[in-house]
Asker: 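Here you go, one structure.
We count ligands from 1, going down the list as the structure has it; atoms in each ligand are counted the same way. Quick caveat, the model's predicted, so the values are computed rather than measured.
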Amino acid sequence: MKIAIAGGTGQAGSQATLVAQERGHEVVVLARSRGVNLVSGEGVVAALEGVDAVIDASGSGAKDDPTLFHESVIRSIANAKPPHLVVLSIVNCDKASDYPLYAGKLAQERAAEQSGIAYTITRTTQFHEFAAQIWRMGAVGPIHFSPRMRTQPVAVREVGARLVDLAEAGPVGRAADFGGPQEESLVEMVRAYAKASGVGRFVIPVNMGGSFGKAQRDGLLLPTADALHGFETFAEWLGRKYPQN
Ligand SMILES: NC(=O)c1ccc[n+]([C@@H]2O[C@H](COP(=O)([O-])OP(=O)(O)OC[C@H]3O[C@@H](n4cnc5c(N)ncnc54)[C@H](OP(=O)(O)O)[C@@H]3O)[C@@H](O)[C@H]2O)c1
């Protein structure tokens, strides 16, 4: 198959790219660093010539409005009329859409549904790398804050494989959610990451506001019973990434 991966240089997209290449597919990566701008549409239609499926693993940056970003990306892809669009979304993004990132993911799903393209949407939980992101984003001077959150993080390489599985399988609409093997506390994940990576250890738990913060604390962002699960635990991922500790 010829598979295009929007955001194929990112955390999830690069893993989908590796898996698709390992399975012998022809892969086209859509990213600004590859001369394709998914928001303005520059280079998209030409890059999607002859593709059998597009995986949308793109992600908005700090300066982007997530809703405008994802709606623009889907519009740019739909202009090329690919036979199948696979969208990587976030588990229960509809339960906390007062949070701009989640509003953006919901807008992405709606745009895919209304694009006229045959689609598959899969929602996944946070990646194990989320712990490192929170360590960096939660820094105020030397102090590190982490939101209280019940999460069931998943290995991003398993997410990459799931995206390729779905591209190969053909359009199904809403596919099963995909989460990690067990529930974790985000605060404890951030502490374990900081210790294992040697960057520090001291993390102060905080409550995020609004329905997003409540959803984080109350476990509303955990996958439901009918979700599929990856195998690698957060501890296994940490041990693989920092084997010396
Ligand atoms: N991180 C998580 O825990 C998590 C969990 C579940 C779902 N998700 C969702 O999965 C998606 C991917 O997440 P990620 O963490 O893998 O993202 P990421 O590492 O930030 O990667 C974003 C990708 O989008 C590309 N991109 C950004 N703006 C672009 C533009 N205007 N034109 C073309 N390409 C553009 C980037 O490439 P260039 O910079 O080269 O353009 C990069 O390849 C996101 O939508 C996120 O919401 C994330």
Asker: Could you tell me which atoms of ligand 1, counted from 1 in the order shown, lie closer than 4.0 angstrom to a heavy atom of Q126?
Answerer: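 The atoms of ligand 1 under 4.0 Å from a heavy atom of Q126 are 3 (O), 5 (C).
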Asker: Where do P205 and V203 come nearest, in terms of heavy atoms and distance?
Answerer: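 What the structure gives for the nearest pair is CD-O, 3.6 Å.
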Asker: Heavy atoms only: which of S58, S60, G179 is nearest to atom 44 (C) of ligand 1?
Answerer: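 It is S58 that holds the nearest heavy atom.
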Asker: Can you pull out the closest protein heavy atom to atom 37 (O) of ligand 1? Residue, atom name and distance to 0.1 Å, please.
Answerer: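 Protein heavy atom at minimum distance: T9 OG1, 3.1 Å.
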Asker: Which residue holds the protein heavy atom closest to atom 3 (O) of ligand 1, what is that atom called, and what is the gap in Å?
Answerer: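 Sorting protein heavy atoms by distance from atom 3 (O) of ligand 1 puts F127 N, 2.9 Å first.
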Asker: Any protein heavy atom lying closer than 4.0 Å to atom 34 (N) of ligand 1?
Answerer: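 It does; a protein heavy atom is within 4.0 Å.
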Asker: If only side-chain N and O atoms count, and only distance matters, is there a donor-acceptor pair under 3.5 Å linking E109 with S89?
Answerer: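 The criterion, which ignores hydrogens and geometry beyond distance, is satisfied for E109 and S89.
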Asker: Who's the nearest protein heavy-atom neighbour of atom 6 (C) of ligand 1, and how far?
Answerer: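 Going by distance alone, atom 6 (C) of ligand 1 is nearest to T124 OG1, 3.2 Å.
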Asker: List ligand 1 atoms under 4.0 Å from G59, heavy atoms only on the residue side.
Answerer: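 Contacts of ligand 1 toward G59, numbered from 1: 22 (C), 23 (C), 24 (O), 27 (C), 28 (N), 44 (C), 45 (O).
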Asker: Have a look at ligand 1 and work out which part of S14, if any, has a heavy atom under 4.0 Å from it: side chain, backbone, both or neither.
Answerer: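 S14 to ligand 1: no contact under 4.0 Å from either part.
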Asker: Please confirm whether the backbone N or O of P223 pairs with a side-chain atom of D177, one donor and one acceptor, at under 3.5 Å?
Answerer: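 Here the side-chain-to-backbone pair does not exist.
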Asker: Looking at every non-hydrogen atom in both residues, tell me the closest pair between Q126 and Y102 and how far apart they are.
Answerer: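 The pair with the smallest heavy-atom distance is NE2-OH, 3.4 Å.
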Asker: Ignoring angles and geometry beyond distance, decide whether F69 reaches within less than 3.5 Å of ligand 1 through its nitrogen or oxygen atoms.
Answerer: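 No.
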Asker: With heavy-atom distances below 4.5 Å as the criterion, would you say the side chains of E129 and V156 are in contact?
Answerer: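 In contact.
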Asker: Below 3.5 angstrom, do we get any N/O pair linking L38 and ligand 1?
Answerer: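 Yes.
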Asker: Which part of T125 is near ligand 1, with near meaning a heavy atom under 4.0 Å away: side chain, backbone, both or neither?
Answerer: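 The backbone, only.
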Asker: Which ligand 1 atoms does H70 reach within 4.0 Å, using its non-hydrogen atoms?
Answerer: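 So the answer, numbered in order with elements, is 45 (O).
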Asker: Would you say the side chains of R148 and N207 form a donor-acceptor pair under 3.5 Å?
Answerer: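 Yes - a donor-acceptor pair under 3.5 Å links their side chains.
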Asker: Answer yes or no: does an N/O atom from A31 fall short of 3.5 Å to an N/O atom of ligand 1?
Answerer: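 Among all N and O atoms of A31, none is under 3.5 Å from an N or O of ligand 1.
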Asker: Decide yes or no for L88 and D56: does some side-chain heavy atom of the first lie under 4.5 Å from some side-chain heavy atom of the second?
Answerer: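 The answer is no; the side chains never approach within 4.5 Å.
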Asker: Could you tell me, atom by atom, which parts of ligand 1 come under 4.0 Å of a heavy atom of V36?
Answerer: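 The atoms of ligand 1 under 4.0 Å from a heavy atom of V36 are 32 (N), 33 (C).
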Asker: Between E232 and R240, is there a salt bridge with N-O shorter than 4.0 Å?
Answerer: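 Answer for the salt bridge query: yes.
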Asker: With a 4.5 Å limit on heavy-atom distance, are the side chains of R75 and E71 in contact?
Answerer: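 Yes, at least one pair of side-chain atoms sits under 4.5 Å.
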Asker: For atom 39 (O) of ligand 1, what is the closest protein heavy atom, and at what distance to 0.1 Å?
Answerer: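 Result: R32 NH2, 2.9 Å.
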Asker: In this structure, which one of R23, Q21, E22 forms a side-chain contact (heavy atoms from CB on, under 4.5 Å) with H25?
Answerer: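 For H25, the side-chain contact (heavy atoms from CB on, under 4.5 Å) test succeeds with only one of R23, Q21, E22, which is R23.
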Asker: Check L85 against I74 and note the closest heavy-atom contact, atom names and distance.
Answerer: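 Looks like CD2-CD1, 4.0 Å.
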Asker: Relative to ligand 1, is Q133 under 4.0 angstrom through side chain, backbone, both or neither, heavy atoms considered?
Answerer: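 The part of Q133 near ligand 1 is the side chain, not the backbone.
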Asker: Residue-level breakdown please: for V159 versus ligand 1, do any non-hydrogen atoms fall below 4.0 Å on the side chain, on the backbone, on both, or on neither?
Answerer: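 The answer is neither; V159 stays 4.0 Å or more away.
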Asker: Against heavy atoms of L88, which atoms of ligand 1 measure under 4.0 Å?
Answerer: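 Under 4.0 Å from L88, ligand 1 has these atoms: 10 (O), 11 (C).
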Asker: Under a 4.0 angstrom heavy-atom cut-off, which atoms of ligand 1 come close to A12?
Answerer: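 Per the distance check, 16 (O).
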Asker: Under 3.5 Å between some N or O of ligand 1 and some N or O of A57?
Answerer: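 A57 vs ligand 1: no N/O contact under 3.5 Å.
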Asker: To the nearest 0.1 Å, how far is atom 31 (N) of ligand 1 from its closest protein heavy atom, and which atom is that?
Answerer: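 Ranked first by proximity to atom 31 (N) of ligand 1 is N37 OD1, 3.2 Å.
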Asker: Would you mind listing which atoms of ligand 1 come within a distance below 4.0 Å of any non-hydrogen atom of S33?
Answerer: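 Contacts of ligand 1 toward S33, numbered from 1: 40 (O).
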Asker: Take the angle between the ring planes of H144 and W135 and call it parallel below 30°, perpendicular above 60°, tilted in between.
Answerer: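 Parallel.
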Asker: Indicate, with yes or no, if V73 and V28 share a hydrophobic cluster defined by side-chain heavy-atom contacts under 4.5 Å among Ile, Leu, Val, Met, Phe, Trp and Tyr.
Answerer: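 Yes, one cluster joins them.
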Asker: Quick test: of every protein heavy atom, which one is nearest to atom 25 (C) of ligand 1, and how far off is it to 0.1 Å?
Answerer: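 Going by distance alone, atom 25 (C) of ligand 1 is nearest to G7 CA, 3.8 Å.
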Asker: Below 3.5 Å, N or O to N or O, backbone or side chain included: is there any such pair between G10 and ligand 1?
Answerer: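 Checking ligand 1 against G10, an N or O pair does fall under 3.5 Å apart.
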Asker: At a non-hydrogen distance cut-off of under 4.0 Å, which region of Q108 contacts ligand 1 (side chain, backbone, both, or neither)?
Answerer: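 Neither; nothing of Q108 gets under 4.0 Å from ligand 1.
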Asker: Suppose we measure from atom 19 (O) of ligand 1 to each protein heavy atom; which comes out shortest, and what is that distance?
Answerer: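 That would be Q11 N, 2.9 Å.
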Asker: Between H84 and T120, is any side-chain donor less than 3.5 angstrom from a side-chain acceptor?
Answerer: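 Result is yes, a qualifying pair exists.
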Asker: Considering non-hydrogen atoms of the protein only, which is the closest contact for atom 46 (C) of ligand 1, and what is the distance?
Answerer: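 I find the closest protein heavy atom is K105 NZ, 3.9 Å.
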